[in-house]
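Start at 1 and go down the list; that is how both ligands and their atoms are numbered.
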Amino acid sequence: MLGEGSNIVVADAGFPGLALRMRIRGVEVRREGSRVVLDVAAGEPWDALVARAVEEGWRGFECMSGIPGLAGATPIQNVGAYGQEVSETIARVRVFDRARRAFADMDPGACGFGYRVSVFKRSQRYIVTGVRFELAIGDASAPLRYAELTAALSVAPGAQVPLARARETVIALRRRKGMVIDPQDPDSVSAGSFFVNPVVDSATLAQVETRAGERPPRFEAGDGRFKLAAAWLVERAGFPKGWSLGRVAVSRKHALALVNRGGATAAELLRAARAIQRGVGARFDVELEPEPVIVGGSWASSGEPDALKSE
Ligand code: EPU
């Protein structure tokens, strides 16, 4: 089941089965007191929805501006950016349940939302056909939590700014990182972040700090755990921006994006990703996990222990 294909890696041999493209469209809007309820068909483009929310004065999507793909894909990996996560706005998810061969409405509690995961990810059981979002009505953004964003806006953490300013600033930041699809920007030829940020305990955090000889950026992840920046680990393990293996490179704008410099195969991409994963593992004893969905192949079987010897 494909949306826009912006977060998948397809095996070179293809996929032995039927591929469907989500094309269901439609947005229904209902006001309920100080909130607005949106029933959005899965095939609606996500960023057009965000743009509309910003224009209409609906708060809750503005920091997730400039993300490619469809609205129906957002619950699948619980899309998040710049301090907002889509699960914070989801009231329910409409699915076709292939096991029961029936449509069902799933409450957020049944969706298993976590950091870049849900029950929909890496499972073939559910096809998301629509999402009900609930947003607050108001012209000011949600309180801004992401340090890079508040710094770019020159406001204090927790400040609120007009929705349009939040959106413009996020898009500018994303563009600088090559995270806005742009035919003029070869660093944007990627699936976005290739690895999820690892969540580690305090002992691992201390070990990373010792081995790196500097304090790693970290974000509190609850239960005494910390989310590390995978991009930072990648660079410090010897894979700086612009590093390349054949036709695959680490983006010159952000160390977490792997870029196809032209003509690279999926096998080459996974080989480079594996090399990075092994390098980070060897340097920091932290295992990076891929973030995109790998179709028609598996990450576990993509290892080529000898791949680097020939380089
Ligand atoms: N950093 C580096 N080198 C780099 C880039 C970043 O060392 O080349 C370090 C910096 O210390 C920076 C930290 O990594 O402070 C975090 O970087 P950034 O703010 O760019 O965010 P990220 O953790 O790399 C995540 C999401 C992005 C999302 C941004 C902003 C994941 C896997 N990635 O990236 O989402 O846009 O936060 O909210 O969670 C995506 O999922 O595909 C994606 C692009």
Any K227 heavy atom less than 4.0 Å from ligand 1: no
Nearest protein heavy atom with distance in Å, relative to atom 23 (O) of ligand 1: N197 ND2, 2.7 Å
Distance-only N or O hit between ligand 1 and N7, under 3.5 Å: no
For ligand 1, the portion of H254 having any non-hydrogen atom under 4.0 Å away: both
Hydrophobic cluster identity match, V40 and I24, side-chain contacts under 4.5 Å: no
Same apolar cluster (I L V M F W Y, side chains within < 4.5 Å links), L270/V259: no
Identity of the nearest option to atom 16 (C) of ligand 1, non-hydrogen atoms only, from A81, A229, G83: A229
Distance-only N or O hit between ligand 1 and K253, under 3.5 Å: no
SB check R165 D139 (cutoff 4.0 Å): no
Nitrogen or oxygen atoms of L256 and ligand 1 under 3.5 Å apart: no
Donor-acceptor under 3.5 Å (Y115 side chain, N197 main chain): yes
Which residue and heavy atom of the protein sit nearest atom 21 (O) of ligand 1, plus the separation: Y146 OH, 3.3 Å
Identity and separation of the nearest protein heavy atom to atom 32 (C) of ligand 1: F195 O, 3.2 Å
NZ/NE/NH1/NH2 to OD/OE distance under 4.0 Å, E289 and R122: no
Of the listed options G178, S6, S193, closest to atom 44 (C) of ligand 1 (non-hydrogen atoms): S193
Distance from atom 4 (C) of ligand 1 to nearest protein heavy atom, with residue and atom: E235 OE2, 3.4 Å
R98 side-chain N/O to Q124 backbone N/O, donor-acceptor pair under 3.5 Å: yes
Heavy atom of protein closer than 4.0 angstrom to atom 12 (C) of ligand 1: no
Heavy-atom neighbours of E220 CD exceed 12 at 6.0 Å: no
Nearest-neighbour protein heavy atom for atom 26 (C) of ligand 1, which is reported as residue plus atom name and distance: R116 NH2, 3.4 Å
Identity and separation of the nearest protein heavy atom to atom 6 (C) of ligand 1: A231 CB, 3.5 Å
Salt bridge flag under 4.0 Å for residues K253 and D185: yes
Cationic N near anionic O, under 4.0 Å, E32 to R30: yes
Nearest non-hydrogen protein atom, atom 39 (O) of ligand 1: Y115 OH, 2.7 Å
Atom 15 (O) of ligand 1: the protein heavy-atom neighbour that sits closest, reported with distance to 0.1 Å: P217 CB, 4.7 Å
Pairing of R176 and E148 as salt bridge, 4.0 angstrom limit: no
